[in-house]
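Hydrogens, waters and symmetry mates play no part in the numbers below; they use all other heavy atoms, side chains included.
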Amino acid sequence: MLDKPSPASSVRASGPLAGFRIVEFAGIGPGPFACMMLADMGADVVTLDRVGAKKSMKSVAGRGRKMIELDLKDKAAIAEVLDLLANADALIEGFRPGVMERLGLGPDVVLARNPKLVYGRMTGWGQEGPLANAAGHDINYISITGALAAIGTKEAPVPPLNLVGDFGGGALYLVVGVLAALLEASRSGKGQVVDAAMCDGAASLMSFFFDMTTIGRWTEGRVQNFLDGGAHFYGVYECACGHFISIGSIEPQFYALLREHAGLTDADFDAQMDRKAWPALKEKLTAVFKSKTREDWCKVMEGTDICFAPVLTMSEATEHPHMVARNVFVERHGVKQPAPAPRFSRTPSAVREPEAMEIGAVAQEWKR
């Protein structure tokens with residue numbers, strides 16, 4: 001198991017990662033989100049940002065950090081960073097390949113000072129390969145994995161926000177990789193580089209669909225399969241009020257409940273798994289759901305085994321009874337935001353305030 005000394009400050013003792021020290025080189029998107037998760041879980045995360053960055057202390061992804069502004073083009077600043085890293089457990093950076101090396105902070109230099117350090121690298125294309133040095137964004141990284149082509153309407157792929165590349169395939173795989181490397185370092189005494197590429201992670205997320213294709217249960221294309229909007233029993237429907245509901249009645253017993261509660265007595269609905277029947281059944285179900293408001297359908301279906309939920313906006317989600325009961329959202333500085341996840345029974349995560357500090361002060365604190 002991970003073996004770390006107790007942190008110096010009892011205020012920071014909450015969470016399973018309390019006592020671990022992580023240096024984050026400021027970036028956007030997946031890197032900050034990954035560090036938010038690590039900070040929520042109790043890690044002492046120090047973010048190094050450019051001079052004059054003036055990051056908002058209300059930032060959701062920036063919560064729980066010690067914020068330090070410095071000029072990485074200054075050799076004296078680089079020396080201070082190396083001193084800080086000498087007592088760190090992990091480093092996380094999201095620059096293009098070669099940038100950290102040119103700064104004098106590449107893995108070879110840093111691991112020579114601190115052989116146990118876990119060096120987390122977050123990129124879109126990875127540290128090597130034909131596209132490694134090209135610019136890109138989430139939409140590009142998921143395009144070459146098969147993920148984007150599978151999501152959308154019959155007419156065209158639809159970007160799934162930047163959830164699949166930046167956060168699913170990027171940040172979460174970075175967190176898993178860093179935690180795994182920290183666990184291994186606690187046994188071997190040796191650190192290593194974690195190359196977390198969004199194209200790698202997004203491709204990994206597609207494992208289930210590659211598996212389904214292999215056994216003949218998935219057809220390439222959109223709105224042709226039971227999870228991509230092709231099936232009438234798994235999708236989103238508009239209600240009379242203009243709002244939407246979602247159903248996922250895949251299993252026969254759940255489908256039977258859907259038919260019962262929606263009054264689907266038409267014998268045509270017997271052909272649940274007949275792909276040829278799906279378009280016509282979807283058209284019929286569209287008319288059924290348009291006959292009542294979202295509120296009406298919630299009264300009929302919510303909480304049953306139909307596999308039903310209203311489609312809520314972000315502001316509506318914060319007020320839903322289930323989300324309220326579980327305290328899924330918290331308020332900080334007047335900003336509603338997701339609470340830390342996952343949950344731990346003995347060492348609970350917590351939302352902590354960021355604080356501006358000087359690098360020398362943090363370095364001294366970490367030496368104790």
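Formation of a donor-acceptor pair under 3.5 Å by the Ser249 side chain with backbone atoms of Ile306 is found in this model. The main-chain N or O of Gly230 is never found under 3.5 Å from a side-chain atom of Arg275 such that the two would form a donor-acceptor pair. No donor-acceptor distance shorter than 3.5 angstrom exists from the side chain of Thr123 to the backbone of Ala197, with no hydrogens or angles considered. Proximity of a side-chain donor or acceptor of Arg294 to a complementary backbone N or O of Cys239 within less than 3.5 Å is not detected. With Glu69 contributing its side chain and Gly52 its backbone, the two residues share a donor-acceptor pair below 3.5 Å. With hydrogens and angles disregarded, no donor-acceptor distance shorter than 3.5 Å links the side chain of Tyr173 to the backbone of Met198. Side-chain atoms of Ser14 come within 3.5 Å of backbone N or O of Pro348 as a donor-acceptor pair. For the pair Asp274 (side chain) and Lys276 (backbone), a donor-acceptor distance under 3.5 Å is present. With hydrogens and angles ignored, the 3.5 Å screen pairs a side-chain donor or acceptor of Asn114 with a backbone N or O of Ala88.
Separation of atoms OG (Ser56) and NE2 (His333) is listed at 8.0 Å; rounding is to 0.5 Å. Distance CG/Leu48 to CD/Glu93: 12.0 Å, rounded to 0.5 Å. The structure places CG of Asp228 at 9.5 Å from CD1 of Ile151, a figure rounded to the nearest 0.5 Å. With values rounded to the nearest 0.5 angstrom, Leu17 atom CG is found 8.0 Å from Leu182 atom CG. Rounded to the nearest 0.5 angstrom, Leu205 CG and Asp200 CG are separated by 11.0 Å. Distance check, rounded to the nearest 0.5 Å: CG of Asp49 to CD of Glu24 gives 8.5 Å.
Of the listed residues (Lys66, Arg21, Arg65), just one forms a side-chain hydrogen bond (donor to acceptor under 3.5 Å, both in side chains) with Asp44, and that residue is Lys66.
Side-chain atoms of Ser143 and Asn140 form no donor-acceptor pair, as typed in the model, at a separation below 3.5 Å. A donor-acceptor contact closer than 3.5 angstrom links the side chains of Glu302 and His320.
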Taking it one step at a time, do Leu84 and Val46 satisfy side-chain contact (heavy atoms from CB on, under 4.5 Å)?
-> CA-CA 10 Å; Leu84 184 66; Val46 172; 4.2 Å; yes
Using the side-chain contact (heavy atoms from CB on, under 4.5 Å) rule, take Glu319 and Phe329 through it: C-alpha gap first, then chi angles, then the decisive distance, then the call.
-> CA-CA 9 Å; Glu319 304 300 327; Phe329 295 95; over 6 Å; no
What do the steps show when you test Phe33 against Leu172 for side-chain contact (heavy atoms from CB on, under 4.5 Å), and what is the final call?
-> CA-CA 9 Å; Phe33 182 81; Leu172 295 184; 4.2 Å; yes
How far apart are the C-alpha atoms of Glu101 and Arg96, what are their side-chain angles, what is the distance that settles it, and do they pass the salt bridge (Lys or Arg N to Asp or Glu O under 4.0 Å) test?
-> CA-CA 10 Å; Glu101 285 80 356; Arg96 290 199 204 189; over 6 Å; no
side-chain contact (heavy atoms from CB on, under 4.5 Å) assessment of Phe25 paired with Met100 | CA-CA 10 Å; Phe25 287 79; Met100 289 291 280; 3.6 Å; yes
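Aromatic ring orientation, Tyr255 versus His232: perpendicular (interplanar angle above 60°, classes split at 30° and 60°).
Two different hydrophobic clusters hold Met37 and Val351 under the rule that ILVMFWY side chains link at heavy-atom gaps under 4.5 Å. Residue Met122 is grouped with residue Leu163 when hydrophobic side chains (ILVMFWY) are merged at heavy-atom distances under 4.5 angstrom, including chains of intermediate members. Residues Val109 and Leu105 are members of one and the same hydrophobic cluster, defined by side-chain heavy-atom contacts under 4.5 angstrom among Ile, Leu, Val, Met, Phe, Trp and Tyr. Ile142 and Leu227 sit in two unconnected hydrophobic clusters of ILVMFWY residues. Membership requires side-chain heavy atoms under 4.5 Å apart, directly or through other members. The cluster map of Ile, Leu, Val, Met, Phe, Trp and Tyr, joined by side-chain heavy atoms under 4.5 Å apart, puts Leu183 and Val176 in different clusters.
Between Glu331 and Gln337, every side-chain heavy-atom pair lies at or beyond the 4.5 Å cut-off. For the pair Leu264 and Leu281, the minimum side-chain heavy-atom distance is 4.5 Å or more. When side chains are defined from C-beta on, Met41 does not count as touching Thr347, because their heavy atoms never get closer than 4.5 Å. Annotation: side chain of Tyr141 is not in contact with side chain of Val164 (no heavy-atom distance under 4.5 Å). The shortest distance between side-chain heavy atoms of Phe308 and Ile245 falls below 4.5 Å. Put simply, the side chain of Met67 does not reach to within 4.5 Å of the side chain of Glu355, judged on heavy atoms. Leu174 has its side chain within reach of Val178: a pair of non-hydrogen atoms, C-beta onward, lies under 4.5 Å apart. A 4.5 Å side-chain heavy-atom check between Trp297 and Tyr237 finds every atom pair outside the cut-off.
By the 6.0 Å contact criterion, CD on Glu295 is open, its count of non-hydrogen atoms from other residues, nucleotides or ligands being 12 or less. Environment of CZ in Arg113: crowded, with over 12 heavy atoms of neighbouring residues, nucleotides or ligands closer than 6.0 Å. For CD of Glu316, the number of neighbouring non-hydrogen atoms (other residues, nucleotides, ligands) closer than 6.0 Å is greater than 12. Residue-environment remark: CD1 (Ile28) stays at or below the threshold of 12 foreign heavy atoms within 6.0 Å.
Using a 4.0 Å cut-off between charged side-chain N and carboxylate O, Arg63 and Asp40 make a salt bridge. Glu353 has a carboxylate O that lies under 4.0 Å from a charged side-chain N of Arg332, or vice versa, which qualifies the two as a salt bridge. The existence of a salt bridge linking Glu238 and Lys290 is confirmed by a sub-4.0 Å separation between a basic side-chain nitrogen and an acidic carboxylate oxygen. Salt-bridge check for Lys116 with Asp89: failed, with every basic side-chain N at 4.0 Å or more from each acidic carboxylate O. Under the 4.0 Å criterion applied to side-chain N and carboxylate O atoms, Asp268 and Lys284 are assigned as salt-bridge partners. The pair Arg259-Asp266 does not meet the salt-bridge criterion, since no charged nitrogen lies less than 4.0 angstrom from a carboxylate oxygen.
Among all heavy-atom pairs drawn from Arg222 and Ala149, the shortest one is NH1-O, 2.9 Å. Taking both residues in full, the closest heavy atoms of Ile250 and Met273 are given as O-CE, 3.8 Å, listed atom of the first, atom of the second, then distance. The two residues Ala356 and Met57 make their nearest non-hydrogen contact at N-CE, 3.9 Å. Pairing each heavy atom of Leu117 with each of Ala90, the nearest pair is CD1-N, 3.6 Å. Residues Ser204 and Ser207 come closest through the heavy atom pair O-OG, 2.6 Å. Contact between Val60 and Pro338 at its shortest, heavy atoms only, is CG1-CD, 4.5 Å.
With side-chain heavy atoms closer than 4.5 Å counting as contact, directly or through intermediates, Val324 stands alone and belongs to no larger hydrophobic cluster.
If you look at Phe226 and Tyr234, their ring centroids are not closer than 6.0 Å.
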